[in-house]
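Computed from heavy atoms alone, side chains included, the values below leave out hydrogens, waters and symmetry copies. Counting from 1, the numbers follow the sequence of the chain as shown. Whatever order the structure lists them in is the order used to number ligands and atoms, beginning at 1.
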Amino acid sequence: MKTILDRISKHADAQTERGAVASYIPELASVDPKQFGMSVVMADGQSFSVGDAATRFSIQSVSKVFTLALALGRLGDQLWSRVGREPSGLPFNSILQLEHERGIPRNPFINAGALVVTDAILAGHQPREVLGELLRFVRAAAGDDDIHINKAVAKSETEHGARNLSLAHFMQAQGNFQNPPEMTCGTYFHQCAIEMTCEQLARAGRFLIGATGPSLISQSNVRRINALMLTCGHYDGSGEFAYRVGLPGKSGVGGGILMIVPNKASVAIWSPGLNAQGNSQLGTEAAEKFAEMTGWSVFG
Ligand code: GLU
């Protein structure tokens, strides 16, 4: 595994086309695009890392995996009356489909869907309580208490959050929002601003490995979340990722990818430059190389 990671890292270092760092959240625009890190944690706990795997980055939409786990645990199938389970085929922050589909977002991993999930777990709770519960969950999953929210990133996104607020207001108008849009969006911006290293994220992903990983949620929810990661985890690049990599993954605009090899391993990859779909350019290439070199795929 170490040899595989070294080769992937060498390949990443040699690339000149690294994509563009997300700039619509100004605090993320100053991240150095030359970074690349990757960690693999096996089902038995052995771990392997390469490159900038110990550098903290903004997990952004990777947080949607953790909030979905909390929401499914709390609400079960009730959640699906408010959000669908189909790939959207549209950009992560698109508002187009939402009007056609009467305020019910396609899936929990596009922004509108993730806002509904956060809105659902807020019911009857204060943002501080929900964020506390989320951090407890992520820290327990990673076995590491040194995981925090970067307040400057949350503030930066709040100040430039018009687009997410508009999604929330539209869903409120359609009767699919329970809390004030500012409150749910504020909570969502803070969840996205959680920072982790590849080492921490790969460890935190172990609860999704399956029977052999730590059991923080039910096995049926492990399978469901993995299915959604495979079909919807990379926005309008989800089909491409499934085709090229063949493993469930969730990306974020901070350049992180959490990828699960069912029954075998949890993998975190980070490189801040993004491709046209807002997924890590080098991260996606590394995921593809990793699947090729290990021969691991959910398709046998
Ligand atoms: N906080 C980001 C947003 O809502 C998350 C998007 C992402 O990581 O894809 O725009």
_ligand 1 contact on N111 by region, counting heavy-atom pairs under 4.0 Å_ = side chain
*Decide whether a cation-pi geometry holds between K250 and Y235; the criteria are a distance under 6.0 Å from NZ or CZ to the six-membered ring centre and an angle within 45° of the ring axis.*
yes
*Enumerated ligand 1 atoms positioned under 4.0 Å from heavy atoms of N164*: 3 (C), 4 (O), 10 (O)
*Would you kindly say whether S61 and K64 are connected by a side-chain donor-acceptor distance under 3.5 Å?*
yes
_Among S61, A22, A193, closest by any non-hydrogen atom to atom 8 (O) of ligand 1_ = S61
*Compute whether any side-chain donor of one residue and acceptor of the other, for N111 and N93, lie under 3.5 angstrom apart.*
no
*Does the side chain of H148 pick up a donor-acceptor pair with the side chain of N150 at under 3.5 Å?*
no
*If we only count N/O pairs under 3.5 Å, is F92 in contact with ligand 1?*
no
*For ligand 1, the portion of R163 having any non-hydrogen atom under 4.0 Å away*: neither
_Just to confirm my output: which protein heavy-atom neighbour is closest to atom 10 (O) of ligand 1, and how far is it?_
Y24 OH, 2.4 Å
*Looking only at heavy atoms, is any part of F189 under 4.0 Å from ligand 1, and if so is it the side chain, the backbone, or both, or is it neither?*
neither
_Test your reading of the model: is there a side-chain donor-acceptor pair from D144 to the backbone of Q200, 3.5 Å cut-off?_
no
*Going by the order shown, which atoms of ligand 1 are within less than 4.0 Å of some heavy atom of G252?*
8 (O)
*Can you find an N or O of K64 that's nearer than 3.5 Å to an N or O of ligand 1?*
no
*What is the closest protein heavy atom to atom 9 (O) of ligand 1, and at what distance does it sit?*
Y235 OH, 2.3 Å
*Does the side chain of R82 pick up a donor-acceptor pair with the side chain of N176 at under 3.5 Å?*
yes
*asked:* Can you tell me which portion of V62 lies within the under-4.0 Å heavy-atom range of ligand 1? Options are side chain, backbone, both, or neither.
replied: neither
*Distance only, no hydrogens: is a donor on one side chain within 3.5 Å (strictly under) of an acceptor on the other, for Q35 and S271?*
no
*Can you tell me if N221 uses its side chain to pair, donor with acceptor, with the backbone of I217 under 3.5 Å?*
no
*Sidechain N-carboxylate O distance under 4.0 Å for K2, D6*: yes
*Taking only heavy atoms of C192, which atoms of ligand 1 are found under 4.0 Å from at least one of them?*
1 (N)
*With ring centroids as reference points, do F207 and F137 lie under 6.0 angstrom apart?*
yes
*Decide whether an N or O pair under 3.5 Å exists between S251 and ligand 1.*
no
*Quick one: nearest non-hydrogen protein atom to atom 2 (C) of ligand 1, plus distance?*
Q60 OE1, 3.1 Å
*Return the residue, atom name and 0.1 Å-rounded distance of the protein heavy atom closest to atom 4 (O) of ligand 1.*
Y188 OH, 2.6 Å
